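Heavy-atom basis, side chains included; hydrogens, waters and symmetry copies ignored. Just so you know, these numbers come straight off a predicted model, no measurement behind them.
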There are 2 protein chains.
Amino acid sequence: MPPTPARTSRRAVYDELRRRVLSLELPPGAALSENELAAALGVSRTPVRESLILLSQEGLVQVFAKVGSFVSRVDPDRVADAQFLREAVELASLADVPSDPDPAAVADLRENLALQHLAADDVEEFFRLDEAFHHGLLRLAGHENVWPTVVAAKGHLDRARRLGLGETSTQVFITQHADVLDALLAGRREEARTLMQGHLRRVFADIQRVRERSPDLFASNAEAVPTRRSVAVWE
Amino acid sequence: MPPTPARTSRRAVYDELRRRVLSLELPPGAALSENELAAALGVSRTPVRESLILLSQEGLVQVFAKVGSFVSRVDPDRVADAQFLREAVELASLADVPSDPDPAAVADLRENLALQHLAADDVEEFFRLDEAFHHGLLRLAGHENVWPTVVAAKGHLDRARRLGLGETSTQVFITQHADVLDALLAGRREEARTLMQGHLRRVFADIQRVRERSPDLFASNAEAVPTRRSVAVWE
DNA sequence: GGTACAGCGCTTGTATGTAAGCCCATGACA
DNA sequence: TGTCATGGGCTTACATACAAGCGCTGTACC
């Protein structure tokens, strides 16, 4: 008997819109319209509008009164901020992992690693597993509930990562994941910390290269000029 | 010419509600009603409802479909999560402070410290200065934009702090602030880190004592039982 | 051809109406 | 006295109507 898990219409719209933005299915700069989205999703403007407001608070969309709503361009500053935040949190969490971590949580991580090998070529699935792996590491230290905050802050980082998917083979990341886990479970705290920092920064470095190739998707500075009808996506 | 600074009605309602929740003017457990709030604030239900949705995403209020909306009780787990998050971020930021920090930012911090002495007895003002001080420290490392994320996550922590205002003299905190800044500007990084950690944990320790005195304001576990009409506040 | 201006279409913001459901009080009944 | 059914009043979720304003586009004029 959960309190309010009600599968409300707003929740469905929010989840779907967020997924499409993060997957770049709705590309940075794309114009959104409450009316169009409502019609396409078969709901009224209300749940669509409320979802857009939530996404705008996360920084994933920008709403301009009486002008329009747009998917945010990837902001390099926000990417860097998210990188700093996640690195601070994940490294600090490693220090709080007990010497005898929860066996179930460890088993989940090992299984996740195995699945990563299988999904090495499926980018979408690999990203999902990658997220779960990092979340699982926080769980080892009992900090799993901090993950949602990190997730909410790193939307720009995630989009940049997807853009840079071809830069580094997923095999490299999988090996780094395994190395971090091994060092951690062997009690080599300092090594685990160093490995994790290297892993996170490698991801970050890829983004710089991507930016040179696809400058249109990035917002160079605070010039938030809305471009009407740049792209018509969705269905 | 800012893009969308439009002083919209929703923004005003959101700011006001958030302020009242964090200041405990709207105490944990208080019942909120879209209709009542709308009438009291002289607006329609729409901006009120949208504000409540935003606050619920921050965890400051809980909305139960077709039952009611309530100010969240202070959740000790969330307080601990926020403590971990802010400690991770603020300590990591200290490591990124350059050897020659921006003089203007340093001057702001020194002035802030002076004001803290003057406002030692004005709890509300001291809290404001305390927030600005910690925000300013992040600015020294160029991580000032991470502060909003920390702020959004530490609502429960802030309410708990206000409850524990009498536990420790503000003088103690002011001295700790000054010590951290002195060590940092003198280049004693490790000492600054240790002092900051001690400062943040002292604040946290106070909360435990408060909880024993005012258990009603805390949610012991996940029992999210809505209590109708517990308090009628707001003029 | 070039330029200024007016109007129209689209946008979001706000207000209001409708629907569905939970909680509690009231009253019948054993 | 205790217990169970039922209805009314309240809630939020969603749908719709109205208001206000930006920006493009066509047109008149030079």
Side-chain angles (χ1 to χ4, degrees), chain A residues 1-17 29-57 60-72 224-232 234, chain B residues 1-17 26 29-57 60-72 223-232 234:
Chain A
M1 58 188 78
T4 302
R7 287 229 59 79
T8 168
S9 166
R10 180 181 76 233
R11 181 60 186 269
V13 171
Y14 170 81
D15 287 343
E16 180 65 10
L17 284 179
L32 305 173
S33 161
E34 294 179 2
N35 277 318
E36 282 184 21
L37 292 175
L41 295 173
V43 297
S44 81
R45 268 184 60 206
T46 304
V48 171
R49 171 178 170 78
E50 290 169 352
S51 295
L52 288 179
I53 290 174
L54 287 173
L55 290 171
S56 98
Q57 178 156 291
L60 291 179
V61 313
Q62 291 175 289
V63 178
F64 300 92
K66 300 174 180 80
V67 175
S69 302
F70 305 85
V71 178
S72 301
V225 196
T227 316
R228 179 94 73 159
R229 291 293 117 209
S230 60
V231 186
W234 195 286
Chain B
M1 57 185 76
T4 304
R7 289 233 53 83
T8 169
S9 165
R10 180 182 76 233
R11 181 58 187 269
V13 171
Y14 170 81
D15 287 343
E16 180 64 11
L17 284 179
L26 284 170
L32 306 172
S33 161
E34 294 180 2
N35 276 316
E36 283 183 21
L37 292 175
L41 296 173
V43 297
S44 81
R45 281 169 29 221
T46 303
V48 171
R49 169 179 170 78
E50 291 171 350
S51 295
L52 289 178
I53 290 174
L54 286 172
L55 290 171
S56 97
Q57 177 154 293
L60 291 179
V61 312
Q62 289 175 292
V63 178
F64 300 92
K66 299 171 179 78
V67 175
S69 302
F70 305 85
V71 178
S72 301
E223 36 136 354
V225 197
T227 315
R228 181 95 73 160
R229 291 293 117 209
S230 61
V231 186
W234 192 291

Task: A:Pro47 side-chain proximity, nearest of D:dA15, C:dT11, D:dA13 - done: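 Shortest atom-to-atom distance from the side chain points to D:dA15.
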Task: Closest to the B:Ala65 side chain, choosing from C:dT11, D:dT12, C:dT12 - done: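 Minimum distance to the B:Ala65 side chain belongs to D:dT12.
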Length of the line joining [X]:[atom1] and [N]:[atom2], which is rounded to integer Å:
X       : N      : atom1 : atom2 : answer
B:Ile53 : D:dA13 : CD1   : P     : 7 Å
B:Arg7  : D:dA20 : CZ    : C1'   : 19 Å
B:Arg10 : C:dG13 : CZ    : C1'   : 8 Å
A:Phe64 : D:dC22 : CZ    : C1'   : 13 Å
A:Leu55 : C:dT12 : CG    : P     : 14 Å
B:Leu37 : D:dT12 : CG    : C1'   : 13 Å
B:Arg45 : D:dA17 : CZ    : P     : 16 Å
B:Glu50 : D:dT12 : CD    : P     : 14 Å

Phosphate OP1/OP2 of [N]: any [X] side-chain N/O under 4.0 Å:
X       : N      : result
A:Ser44 : D:dT16 : no
A:Arg49 : C:dG13 : yes
B:Ser9  : C:dT14 : yes
B:Ser33 : D:dT11 : yes
A:Ser69 : C:dT11 : no

Open item on the list: Check this for me: does the side-chain of B:Arg11 come within 3.5 Å of the base of C:dG13 through a donor and an acceptor?
Closed with: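 No, the side chain and the base share no sub-3.5 Å donor-acceptor pair.
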Task: Base C:dA15 to side chain B:Thr46, donor-acceptor N/O within 3.5 Å cut-off - done: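 By the distance-only test, yes, there is a pair.
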TODO: Determine yes or no for a side-chain-to-main-chain donor-acceptor pair under 3.5 angstrom, with A:Ser72 supplying the side chain and A:Leu60 the backbone.
DONE: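 Present.
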Task: Among A:Val43, A:Leu32, A:Asn35, A:Ile53, the one residue meeting side-chain contact (heavy atoms from CB on, under 4.5 Å) with A:Val48 - done: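 Among A:Val43, A:Leu32, A:Asn35, A:Ile53, the one that satisfies the side-chain contact (heavy atoms from CB on, under 4.5 Å) with A:Val48 is A:Val43.
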Task: Upstream residue (5' side of DNA chain D) when A:Val43 and B:Leu52 are each assigned their closest nucleotide - done: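 Its nearest nucleotide being more 5', the pick is B:Leu52.
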TODO: Give me the one residue out of A:Arg10, A:Arg11, A:Arg45 that meets salt bridge (Lys or Arg N to Asp or Glu O under 4.0 Å) with A:Glu50.
DONE: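 Only one option passes, and that is A:Arg10.
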- [ ] Any chance you could measure B:Leu26, atom CG, to B:Leu55, atom CG, to the nearest 0.5 Å?
- [x]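 If I round to the nearest 0.5 Å, the distance is 10.0 Å.
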- [ ] Can you see which heavy atom on B:Leu52 is nearest to which on B:Val61, and at what distance?
- [x]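 Closest heavy-atom pair between B:Leu52 and B:Val61: O-CG2, 3.5 Å.
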